[in-house]
Number of protein chains: 2
Amino acid sequence: MDTPRDHLRDLFRAAGRRLTAQRRLVLEVLEASTEHLDAETLYERARVHDPNISLATVYRTLAVLKEMGLVEEHRLGEGHSHYESVRGGPHYHFICQGCGRVIEFDTPLVAQIEQELRDREGVLVLGAHLHLSGYCAQCQQTMHQQEEANRQ
Amino acid sequence: MDTPRDHLRDLFRAAGRRLTAQRRLVLEVLEASTEHLDAETLYERARVHDPNISLATVYRTLAVLKEMGLVEEHRLGEGHSHYESVRGGPHYHFICQGCGRVIEFDTPLVAQIEQELRDREGVLVLGAHLHLSGYCAQCQQTMHQQEEANRQ
DNA sequence: CCGTTATTGCGAATAATTCGCAGTAGCGGG
DNA sequence: CCCGCTACTGCGAATTATTCGCAATAACGG
């Protein structure tokens with residue numbers, strides 16, 4: 001029976017790459033977090049376990065993991081990216097323009113859209129990012145209150 | 001009866017902003033293109049009509065237009081953004097990881113997803129980006145051929 | 001036509017990511 | 001278990017994309 005670790009090494013071998021301590025570490029840090037981490041945060045957390053790891057390696061590792069489909073990159077409107085390990089099914093994001101809060105959700109309708117596009121265009125869909133934006137319930141209320149205040 | 005130009009000025013006035021020649025130009029360049037332009041390209045094209053316009057102004061104008069909802073920003077995996085003037089309905093993108101080709105499409109299912117989220121979370125959805133990726137029909141074929149070649 | 005002040009152009013500053021290179025370490029084979 | 005090949009790493013410098021500070025300019029309401 002395969003241990004998860006062996007399985008991981010096989011994945012790398014199959015991709016013609018080497019499973020290094022740094023790559024394992026980056027992946028572990030990502031999997032240990034439920035949030036989406038940016039490269040800098042990831043770097044800091046990884047450094048706790050390996051003070052010698054470099055930021056460049058973090059970036060290079062993220063690129064590799066992304067290419068292997070183990071990690072997903074999100075660009076939520078800021079200047080930098082956030083990364084997340086791919087487990088469970090795909091899921092999508094709503095980001096509040098007021099407070100920056102991110103709501104994650106899932107829906108089978110995206111798969112349906114992929115299906116449609118596959119049928120219509122003959123494409124092979126490997127990844128899907130759905131990024132809604134607007135205002136969360138809380139911020140909508142805040143805005144209404146401000147409007148009333150301005151009207152005085 | 002309003003001319004389109006007057007209408008544009010009103011839009012800016014309503015937002016407490018001024019309609020300058022540069023802003024008009026950036027918008028015109030964007031509307032004249034069917035593709036998504038990045039800031040640099042936009043800058044070059046704008047310079048044809050106004051050699052003095054600066055790249056900083058292009059960026060600032062894009063930020064304003066985006067805030068006003070006249071322009072949409074797309075981050076399709078590269079290091080930089082692409083911009084597109086908002087006309088017609090919303091539409092979504094598939095990008096081929098092989099050749100970089102972008103297929104635009106539309107589907108009412110996204111509106112349905114928005115609806116669901118609105119009902120479930122009480123959020124107000126203002127923008128939706130759906131970004132699928134994978135391989136186009138052509139690149140899939142190319143890949144199969146390469147695989148066979150490697151097998152020899 | 002005037003005054004206020006948003007906007008611009010310029011070049012410098014930042015932020016995020018990538019690169020070049022010399023040294024290190026995976027891992028397949030003996 | 002050791003060797004050799006070469007992918008990978010750390011480092012600091014280089015790029016790329018975008019933003020900022022500031023003095024000069026120009027929109028537009030009155």
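This structure is a prediction, so every number in the text was calculated from the model and none was measured. We name chains A, B, ... by the order of the sequence lines, and we start the count at 1 in each one.
Remark: A:H80 is in phosphate contact with C:dA16, judged by side-chain N or O atoms under 4.0 Å from OP1 or OP2. B:Y59 has a side-chain polar atom (N or O) that falls below the 4.0 Å cut-off from OP1 or OP2 of D:dT18. Proximity of B:T57 to the phosphate of C:dT7: no side-chain N or O atom is located under 4.0 Å from OP1 or OP2.
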Treating primed atoms plus P, OP1 and OP2 as sugar-phosphate and everything else as base, which nucleotides of nucleotides 20-30 of chain D get B, S or - for protein heavy atoms under 4.0 Å? BB----BBSS-

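The 5' end of DNA chain C is approached more closely, in terms of each residue's nearest nucleotide, by B:G16 than by the other of B:G16 and B:N52.
Grouped with B:L76 in one hydrophobic cluster are B:I95, B:V102, the linkage being side-chain heavy-atom contacts under 4.5 Å among Ile, Leu, Val, Met, Phe, Trp and Tyr residues.
The separation between A:R24 atom CZ and C:dC27 atom C1' is 13 Å, rounded to whole Å. A:L55 has its CG atom 15 Å from the C1' atom of D:dA14, to the nearest Å. The interatomic distance linking B:L65 (CG) with C:dA6 (P) rounds to 18 Å, in whole Å. Atom CG of A:D50 is separated from atom C1' of D:dT9 by 10 Å (rounded to the nearest Å). Atom CG of A:L8 and atom P of C:dG26 are 14 Å apart (whole Å). Going from atom CG of A:L11 over to atom C1' of C:dC27 covers 17 Å, rounded to whole Å. Protein atom CD of B:E44 is 12 Å distant from nucleotide atom P of D:dA17, rounded to whole Å. Rounded to an integer number of Å, the gap from CZ of A:R23 to C1' of C:dC27 is 13 Å.
A donor-acceptor pair under 3.5 Å is formed between the side chain of A:Q140 and the backbone N or O of A:Y135.
Contact check for B:I53 versus B:V26: side-chain heavy atoms found under the 4.5 Å cut-off.
For the pair A:R75 and A:E73, the salt-bridge criterion is met [side-chain N within less than 4.0 Å of a carboxylate O].
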Take B:S133 and B:Q97 through the test side-chain hydrogen bond (donor to acceptor under 3.5 Å, both in side chains) and record every step on the way to the result. CA-CA 7 Å; B:S133 59; B:Q97 289 165 22; 3.3 Å; yes

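Under 3.5 Å, the side chains of B:H131 and B:H74 contain no donor-acceptor pair of N or O atoms. Counted by atom type alone, B:H82 and B:E72 present zero donor-acceptor pairs between their side chains at under 3.5 Å.
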